[in-house]
Every structure is written in structure tokens, then in C-alpha cells.
> 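Would you mind keeping the following structure in view while I ask a few things?
A note on names: the letters A, B, ... follow the listed sequences, proteins ahead of strands, and every chain is numbered from 1. Keep in mind that this is a model prediction, so the values were computed, not measured.
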2 protein chains.
Amino acid sequence: MARAAASKTQTRIQREKTEAILAAALDVFSTYGFRGSTIDQIAKQAGLSKPNLLYYFDSKEAIHSLLLERLLDTWLEPLKKLDPAANDPVKEIIAYVHRKLEMACDYPRESRLFANEILQGAPRIMEQITGPLKDLVDEKAAVIEGWAKQGKIAPVHPYHLIFSIWATTQHYADFDTQVSAILGARSETCFEDACDYLTTMFTKLLRP
Amino acid sequence: MARAAASKTQTRIQREKTEAILAAALDVFSTYGFRGSTIDQIAKQAGLSKPNLLYYFDSKEAIHSLLLERLLDTWLEPLKKLDPAANDPVKEIIAYVHRKLEMACDYPRESRLFANEILQGAPRIMEQITGPLKDLVDEKAAVIEGWAKQGKIAPVHPYHLIFSIWATTQHYADFDTQVSAILGARSETCFEDACDYLTTMFTKLLRP
DNA sequence: TCTGATATTTACCAAATGGTCAGCAAGCCG
DNA sequence: CGGCTTGCTGACCATTTGGTAAATATCAGA
């Protein structure tokens with residue numbers, strides 16, 4: 001626990017500075033990964049000196065952990081909202097795709113932070129993956145399979161459906177550099193085009 | 001240029017050691033990214049001392065550059081093979097998906113190396129992206145658009161089609177940790193399931 | 001087997017990095 | 001204002017890191 005955060009009631013300055021640090025850390029970690037990032041870099045980005053930053057957080061790892069911890073909740077929210085009782089399952093899944101795409105476009109740094117962590121073998125969030133994340137996916141995969149058995153959507157492998165939704169949506173955040181470079185001027189309508197494209201793709205796939 | 005590699009004819013040892021180094025470097029770089037990897041780590045993995053490694057390569061960056069350079073050719077090959085004269089465009093694109101998926105599964109480290117580089121803003125391969133890669137994609141996107149206009153495939157945004165193929169196939173290499181953790185025992189049939197799933201998805205999308 | 005080229009090691013360096021500490025400065029509250 | 005807590009800094013430290021230099025060991029060919 002950080003010295004400053006150890007007290008029960010945070011002061012105004014504590015709140016402001018910790019948030020500034022986390023914001024800066026998100027920038028840096030999402031770009032360079034954990035090992036590729038330095039405290040100095042984060043401190044500079046946050047407008048603090050290194051010792052000052054370390055007054056608020058005990059270590060580099062502590063910042064990273066807190067960031068990942070906070071991330072996972074937000075990250076799972078779109079899938080959590082998938083309603084098993086929806087009366088139009090195709091629309092419900094498409095809505096999930098839209099939420100996911102929006103999240104990737106609104107929070108690209110979060111997406112990259114997550115991608116970096118997974119790429120490196122998820123050393124710091126493996127428990128979260130095999131725990132809450134897996135549980136949620138298992139649950140929702142069962143829902144999807146149920147819909148398929150009832151003939152409400154076309155028969156698809158539920159896990160690979162989820163993977164393909166993750167892959168296609170997060171691609172726009174994680175590989176943004178590449179996407180922008182290739183689209184050039186077309187980048188301006190990228191989000192709308194992607195939204196249309198993915199809607200079509202998953203609708204065609206899922207319509208019974 | 002590395003001292004050892006400067007000579008025109010490489011000796012047996014030079015060939016062996018450079019390959020060992022590149023193999024080790026691929027392992028390390030693909031996991032930790034450029035900044036997160038150390039020469040010591042690579043040297044150890046290759047069974048060499050650090051100075052000995054630096055006898056073959058001038059710097060950490062030199063190894064990384066050579067790796068990326070070699071990578072891009074292999075990486076673009078599947079798309080290059082997309083035949084504009086194919087008489088069944090849907091099948092032709094599906095075949096491309098299969099080549100891509102196979103490549104992701106056979107060369108996951110290469111996929112991750114590339115992913116790491118793009119995630120970090122592609123500082124070392126931006127020219128390759130805006131150059132050869134973009135040119136190839138532009139060319140093939142035009143082919144796909146042609147097919148769509150002729151009614152041979154359903155009308156789709158050609159660039160986003162390509163992105164979605166990249167995203168879905170590379171996902172199995174880049175996010176393997178996550179995929180395996182979630183599938184658990186189901187991982188064994190992952191490749192076949194993914195192949196089936198993607199075939200269905202893209203066939204449904206593209207069939208006119 | 002001798003010799004020159006190639007290969008490898010030991011010892012080293014400067015810079016960067018994660019982190020600490022003692023002391024000084026600012027806020028806050030009576 | 002005075003005093004106590006909170007916030008911040010500069011100097012410092014040990015370790016790691018990328019990289020070098022010189023000395024030594026190994027190899028291939030005459």
C-alpha cells in the first residue's frame with residue numbers, strides 16, 4: 001500500500017495526484033508494456049518528480065496492478081449486459097458488438113493495456129482471466145448456445161463467436177496505427193464504416 | 001553492420017550462431033516487445049554470452065530490425081497469393097483466410113512480434129506499413145471491390161473485410177494466452193473449430 | 001603442425017532504472 | 001500566528017542495461 005493511500009480519508013491533493021499518475025501510467029503502459037515503461041516516463045507525463053510519484057505509489061508494479069484491476073470491470077461490462085431474456089437474440093448480439101466497438105474507440109489505451117498484458121502471457125492477470133472472465137464467458141456462451149438450439153440464431157460455435165467479436169472490435173484500438181496508415185484519408189469515416197461492416201457481417205452470420 | 005556479418009562469405013559458425021540468436025530474439029522480442037527485452041535475455045536463450053552475441057550483431061536494434069525485415073515478406077505472402085483471376089472469388093477469399101489462420105497458428109511468435117511493434121506505434125516499421133503493405137492492400141482491396149461490383153461476391157467494404165480477416169486470424173496467435181485459458185480443455189480442437197467457424201462466417205458474409 | 005583468421009571470454013564502463021531517505025516547503029486548523 | 005500533518009525535493013544507492021576493449025581460445029587451411 002502506498003504511504004499516502006494508507007490513510008483512510010484521502011485529501012484533495014491525494015485524489016488529484018493519484019488520478020494524474022494513473023492517467024499518465026495508462027498512456028505509457030499501454031504503449032510500451034510493463035517492462036518497457038519507466039517510472040521516470042510516467043512521472044514526467046504526470047508532471048511530477050519520480051520521488052513524488054513514489055510518494056503516492058509504492059512501486060511501478062503497484063500502479064500497473066491498480067490500472068489492470070480497474071480495467072477489468074469496465075472491460076467486462078458490455079458482455080455482462082448481454083441479456084439472456086432478449087426477445088431478438090440477433091439484435092442483442094449486434095448491440096453487444098456495437099458496445100464493444102464503441103468501447104474500443106472511446107478507450108483505445110485501455111484496450112492496448114489489456115492487449116499488451118495478454119501478449120506478454122498475462123503474468124499479472126492470469127487469475128482474473130481464468131476466474132471472473134472465464135466464468136462470464138462460459139455463462140454467456142451457454143446463453144448463445146441456448147439461442148442456437150432454439151433456432152433463434154444460426155448454429156455457431158459460441159466461444160469462437162465471442163472471440164471473433166473481441167478480435168474485430170479491439171483490432172481498431174490495438175492496431176490503430178496500422179489501420180490509420182492503410183486507410184489514409186479514408187480514416188475519417190473509419191468508425192462508421194467499421195460499425196456498418198461488422199453489423200452486416202454478424203447479422204449475416206447469426207440470422208437463422 | 002555487424003563485424004562478423006561484414007565479410008562476404010559467412011562461415012559455418014557465423015551462420016549457425018546468427019540463426020540461433022535470431023531464433024532466441026524472436027522468442028524474447030515477441031513476448032516482451034523491443035523495450036521490454038534485454039540483450040542478456042536473448043543471449044542466455046541463445047546459449048551465448050552477451051559480448052559474444054554482440055560479436056554477431058552490432059546492437060539490440062540491429063537484431064530487431066533484421067527480424068522485422070525478414071518477417072514482412074512472409075507476412076504478406078498469403079495476401080499476395082490472392083488471385084484476381086480466380087473464378088470463384090468467395091472460395092479464393094476463404095482460401096486466404098485459411099492461409100492466414102494457418103500462418104497465425106504455425107508462426108505465433110512472428111504474429112506477436114508484429115503485434116507488439118504495431119501496438120507501440122510501429123516506430124520501426126512505419127515506412128514498411130505505409131509503403132509495401134499499404135500498396136499491396138490497396139491493390140487487393142481494388143480486386144475485391146471489382147468482384148463486388150461484378151456481383152461475384154456480396155458488396156462489402158474491402159478494407160474492413162481485410163481488417164476483419166487479419167483480426168480474427170491473428171487473434172489466435174496474439175491472444176493465445178486468453179483463448180487457451182477460456183477454452184480450457186476445449187483448446188485441443190481450437191484450430192479446427194476456428195477454421196470451421198471462420199469459414200462459415202466469411203462464406204455467409206461474402207456469398208452474393 | 002604452424003599460422004592467420006575467427007570466435008569467445010573476462011573485465012570493464014557509462015547511462016538508465018527502480019527505489020530510498022533526510023530534510024525542507026505547503027496546507028490546514030486551532 | 002504556531003504547530004502538526006501532508007506534500008515534495010535533491011542527493012543518493014544498488015542493480016540492470018547496452019555496449020566496448022583487450023586478451024585469449026579455437027578453427028580451418030597451407
> Tell me whether the side-chain N or O atoms of A/Lys60 pair up with the base of C/dG19 as donor and acceptor below 3.5 Å, since no angle test is needed here.
no
> Want to settle it: does A/Leu48 or A/Arg35 sit nearer the 5' end of DNA chain D, counting the closest nucleotide to each?
A/Leu48
> Of the candidate nucleotides C/dG19, C/dT10, D/dC8, which contains the atom at the shortest distance from the side chain of A/Lys17?
D/dC8
> Taking atom C1' of D/dG18 as reference, at what distance in whole Å does atom NE2 of B/His64 sit?
16 Å
> Ignoring backbone atoms, test whether A/Gln14 places a side-chain nitrogen or oxygen under 4.0 Å from the OP1 or OP2 oxygen of D/dG7.
yes
> Is B/Lys81 positioned over the aromatic face of B/Tyr96, cation under 6.0 angstrom from the ring centre and no more than 45 degrees off axis?
no
> Output, in order, the C-alpha distance, side-chain angles, deciding distance and verdict of salt bridge (Lys or Arg N to Asp or Glu O under 4.0 Å) for B/Lys134 and B/Asp138.
CA-CA 6 Å; B/Lys134 183 182 183 327; B/Asp138 282 341; 2.7 Å; yes
> How long is the line joining CG of A/Leu53 and P of C/dG19, in whole Å?
10 Å
> Are B/Phe114 and B/Leu72 side-chain neighbours, meaning at least one heavy-atom pair lies under 4.5 Å?
yes
> Starting from C1' on C/dG18, measure out to CG on A/Asn52 and report it in whole angstrom.
16 Å
> Over all heavy atoms of both residues, which pair between B/Pro84 and B/Trp147 is shortest? Give the atoms and the distance, please.
O-NE1, 3.6 Å
> Is there a side-chain contact between B/Leu161 and B/Ile93, using heavy atoms and a 4.5 Å cut-off?
yes
> Between A/Asp40 (CG) and D/dT17 (C1'), how many Å, whole number?
15 Å
> Starting at atom CD of A/Gln41, determine the distance to atom P of C/dA15, rounded to an integer number of angstrom.
20 Å
> Rounding to 10 degrees, work out the angle separating the end axes of the helix from C/dT1-D/dA30 to C/dG30-D/dC1 (five pairs an end).
10°
> Could you work out which one of D/dG19, C/dA7, D/dT9 sits closest to the side chain of A/Ser49?
D/dT9
> Take atom OH of A/Tyr55 and atom P of C/dC21, then tell me their distance rounded to the nearest Å.
15 Å
> CD1 of A/Ile42 versus P of C/dT17: gap in Å, rounded?
11 Å
> Is any side-chain N or O of A/Lys50 under 3.5 Å from a base N or O of C/dG18, one able to act as donor and the other as acceptor?
yes
> If you draw a 6.0 Å radius around NZ in B/Lys44, do more than 12 non-hydrogen atoms from other residues or ligands fall strictly inside?
no
> How about B/Lys80: does its NZ atom have over 12 heavy atoms from other parts shown lying under 6.0 Å from it?
yes
> Can you tell me the distance, in whole Å, between the CG atom of B/Leu54 and the C1' atom of D/dA22?
16 Å
> Ignoring backbone atoms, establish whether B/Tyr56 has a side-chain N or O less than 4.0 Å from OP1 or OP2 of C/dT8.
yes
